[in-house]
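Notes to accompany the following structure.
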Amino acid sequence: MLKNRLLAAWDQVRTSLWLLPLLMAAAGVGLAWAMLEVDAGHGAEDEVRAWWMNAGGAQDAQTLLSTLLTGVIAMAAMVFSATVVALTLAANQYGPRLVRVFRADLTTQVALGTFATTIVYLVLVLRMIRGDAAFHDVPHASVSIGTALALACVLALLVFIQEVARMAVADDVVERVGRELDAGIDRLPVLTADEGQEHHRANKDGADRQALWEGAGHVAQRQEGYVQAIDHEGLLAWAERHDAVLRLNFRAGDFVVAGDRRIHVHPPEAVEAAEADAICKFVVVGRERTPTQDIEFAVRHLVEVAVRALSPGINDPFTAAAVIDRLRGCLTRLAGRRLPSRMLRDGAGRVRILRETTTFAGLSDAAFHQIRQAAASHPAVVIHLVEAIARIAEHARTAEQRGALTRHARMVAGAGLRAAEEPGDRHDIERSLARAEQALADHGEALQPSTGHQRNPPGSRSRPEPAADHAAERLQPSCWVAKR
C-alpha cells in the first residue's frame, strides 16, 4: 500500500518544475557555505593561490558579483518566460494534458535549477564581502566559483533554447509521449509460446458467477477522483486472511465518486465498518490519472496529439501518421507481453480477487477509435492506419489480438470508404484492407465474415464481457479452487 502511494506521489513530483530547482538551490546554499569556509581557512595568504582564482580587491569582487547577479537574474527571467510560453503553445497545439510531459523534461528542470543555484550562491557570497576588506580577506575562491556558475548559466541558456526549439517539433512530442508508453509496456512480463491461450482460458473461468454476488456485501468509496493505483497484493492478503472473495468493478484510471459501491465482498459478513475502511486504503485516489498502473494513460495522450492534428484548425495529417507509427510500434511490443490476469489466486489456488483489467482489445480500442473517427475524411491517414494494423498483425500471438486487429482494420476501411469520393482513393483503401486481411489470415485463424457488430462504442474503454449465469447455488470461497 505504501509503495503504491509513493509511486503515485513520485509521478506528481517528477512532473513538477519545482523539485529539482529547489534541490539545486539548496545545493547552492551548501556550496556557498563550503567555499566561504575554504576562503576563511586560507585568509592569511596574500597571494592568489591559483591561476583561475579572482585576483581583484574587495571593490572589484563586489562589482563583479553584482554584475553577474544582475545578468543571471535577467537570463533567468527570460528562461522562465520562455517556459511559460512553451507550455502555453504546447497546451494549445497538443492538448493541456501533454503539459505534464514537458514539465517532466529533465533538461528543462536542470536549466531552471542552474539559474536558481547561481542566484542563491551569488547572493550569499556577495553579502559576505565588505567593501573596505583587505586583499587577503576577500573570498577569492568563492568569487571564482561564482564566475564559473555564471558561465554555466550561459551554457544552460543555450541548452534550454535548443530544448524549447525541439518542443515545437511534433515528432519530438510524439517521441516523448511514446517513451512513457514504452516504459509501461516494458514493465509487463514476456508472453511465452503457450501462455497466450492458457491466460485466455484462465480469464474465462467460471469465476464471475452471478449467484455468488447476489447477496454479497458492498464497500462504498471514501474519496472522489481518479484511481491512480490499487494495491492488489494487500487486497489479496486481506481476502485470504478473512477467507473472502473481492470483486473490483473498476481499475486504475477509472473515475470514482464518494459513495460508489464498486467493491463487492463475499461473504458479506466479512465487511464491517473498520474492515471497509481498511479495504479503501488499498485504493489510491487522486485528482488526475497517472501512468503508475494505467497503461492506457499514455495511449490516450498519443491519440490526443493525432486527433488535434486532424482537426480543421490544424489539418496536419503528417503528425497523425507519426502518431500511428508510434502506436504501431507500441502495440507490436504489447502483443508479446502478458497483460494482467482478471483473477488473482492465493497460495492454495483459490480465486480471491476478480478485477477489471486492461486487455489488448481495450488498448487497441483506445488507440484506433478516435483516430478513425477524425481521419475518415483523410484517405492518406486511413490507408496508413490500415497498413499499420497489417504490420501489427504479423506479431499477433493470440486469437484475441487477431480478432481486435481484424475488427479495427474493417472499421477503419469502412469509415474511409464511406467518406472517400475519389475512386482512386477507394481503390487504395480496399487494397490496404485486403493486405491487412491477408496478413491476419497468414498469421492466425481464418477470418470470419464481419457481422458489423461493434463490441464497444467508439472511444470507450474495453470491459470484459459478462460471463454466462450458472446455477443459482451459493458457493463458498473454499470451493473456488484452481483447476489442476
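Quick caveat: nothing in here was measured; it's all calculated off a predicted structure.
- With T108 contributing its side chain and A104 its backbone, the two residues share no donor-acceptor pair below 3.5 Å.
- Side-chain atoms of H264 and R247 form no donor-acceptor pair, as typed in the model, at a separation below 3.5 Å.
- The one candidate from R337, R187, R333 that meets the salt bridge (charged side-chain N to carboxylate O under 4.0 Å, His left out) condition with D182 is R333.
- In the model, H140 has no side-chain atom that pairs as donor or acceptor with a side-chain atom of D39 under 3.5 Å.
- Between F297 and H301, the ring planes are tilted. Angles from 30° to 60° get that label.
- Closest approach of A335 to Q401, counting heavy atoms only: O-NE2, 3.1 Å.
- A salt bridge does not link E224 to R287: none of the charged nitrogens lies less than 4.0 Å from a carboxylate oxygen.
- Here the side chain of Q221 pairs no donor or acceptor atom with the backbone of V257 at under 3.5 angstrom.
- Side-chain atoms of S142 come within 3.5 Å of backbone atoms of M35 as a donor-acceptor pair (strictly under, hydrogens ignored).
- Looking only at side-chain heavy atoms (C-beta outward), Q109 and L17 come within less than 4.5 Å of each other.
- The pair D254-R289 fails the salt-bridge criterion, with no side-chain N (NZ, NE, NH1 or NH2) lying under 4.0 Å from an Asp/Glu carboxylate O.
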Stepwise side-chain contact (heavy atoms from CB on, under 4.5 Å) check, V265 with V219: CA-CA 8 Å; V265 183; V219 176; 4.0 Å; yes
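- What you find for T292 and A229 is that their closest heavy atoms are CG2-CB, 4.4 Å.
- A search for side-chain contact (heavy atoms from CB on, under 4.5 Å) contacts involving T117 returns M24, not counting sequence neighbours.
- In this structure the side chain of D231 reaches within 4.5 angstrom of the side chain of E233, judged on heavy atoms.
- Inter-residue side-chain proximity for F368 and L385 is flagged as met; some heavy-atom pair is nearer than 4.5 Å.
- For the atom pair I119 CD1 and L68 CG, the distance stands at 12.0 Å (nearest 0.5 Å).
- Contact detail for L302 and G178: the closest heavy-atom pair is CD2-N, 4.2 Å.
- Here the side chain of D294 pairs a donor or acceptor atom with the backbone of E296 at under 3.5 angstrom.
- Atoms CG and OG, from L149 and S144 in turn, are 11.0 Å apart once rounded to the nearest 0.5 Å.
- Residues L23 and L19 have side chains in contact (heavy-atom distance under 4.5 Å, counting atoms from C-beta outward).
- Distance alone, capped at 3.5 Å, places no donor-acceptor pair between the H384 side chain and the A380 backbone.
- Contact check on R176 versus D105 returns a salt bridge, with a Lys/Arg side-chain nitrogen under 4.0 Å from an Asp/Glu carboxylate oxygen.
- For CZ of R241, the number of neighbouring non-hydrogen atoms (other residues, nucleotides, ligands) closer than 6.0 Å is greater than 12.
- Other residues, nucleotides and ligands place no more than 12 heavy atoms under 6.0 Å from the CE atom of M128.
- Atom CZ of R355 and atom CG of L248 lie 8.5 Å apart (nearest 0.5 Å).
- Between P21 and T114, the closest side-chain pair of non-hydrogen atoms is not below 4.5 Å.
- Using a 4.5 Å heavy-atom cutoff, the side chains of V382 and D428 are not in contact.
- Side-chain atoms of I129 and P139, non-hydrogen and from C-beta on, do get closer than 4.5 Å to each other.
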Worked check of side-chain contact (heavy atoms from CB on, under 4.5 Å) between V79 and L112: CA-CA 7 Å; V79 167; L112 297 177; 3.3 Å; yes
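- For the pair F250/E356, no side-chain contact is recorded, criterion being any heavy-atom separation below 4.5 Å from C-beta on.
- Between E304 and R300 there is no salt bridge, since none of the side-chain N atoms of the basic residue sits less than 4.0 Å from a carboxylate O of the acidic one.
- A367 and L331 get closest at one heavy-atom pair: CB-CD1, 4.2 Å.
- Separating the OG1 atom in T358 from the CD atom in Q293 is a distance of 10.0 Å, to the nearest 0.5 Å.
- Here the straight-line distance linking atom CH2 of W33 with atom OH of Y121 works out to 13.0 Å at 0.5 Å rounding.
- Between R407 and D365 a salt bridge is recorded (basic side-chain N to carboxylate O distance below 4.0 Å).
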Start with the C-alpha gap between M411 and H369, add the side-chain angles, then the distance that decides, and say whether side-chain contact (heavy atoms from CB on, under 4.5 Å) holds. CA-CA 9 Å; M411 291 171 64; H369 272 322; 3.5 Å; yes
Using the rule given for side-chain contact (heavy atoms from CB on, under 4.5 Å), can you reason through I263 versus N249, listing the C-alpha separation, both sets of side-chain angles and the distance that settles it, and then say yes or no? CA-CA 6 Å; I263 301 178; N249 290 334; over 6 Å; no
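- Every side-chain contact (heavy atoms from CB on, under 4.5 Å) that S66 has, sequence neighbours left out, goes to L126.
- Listed for the R352 side chain is no donor-acceptor partner under 3.5 Å among the backbone atoms of R345.
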Apply salt bridge (charged side-chain N to carboxylate O under 4.0 Å, His left out) to residues E387 and R328 and explain how you reach the verdict. CA-CA 10 Å; E387 292 182 347; R328 176 169 73 88; over 6 Å; no
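- Panel note: side chain R397, backbone H395; no donor-acceptor pair is recorded below 3.5 Å.
- Among all heavy-atom pairs drawn from T319 and A170, the shortest one is OG1-CB, 3.4 Å.
- One distance of note links CG of L339 with CG of L191; it measures 8.5 Å at 0.5 Å rounding.
- Here the shortest heavy-atom pairing between G253 and Y226 reads O-CD2, 3.6 Å.
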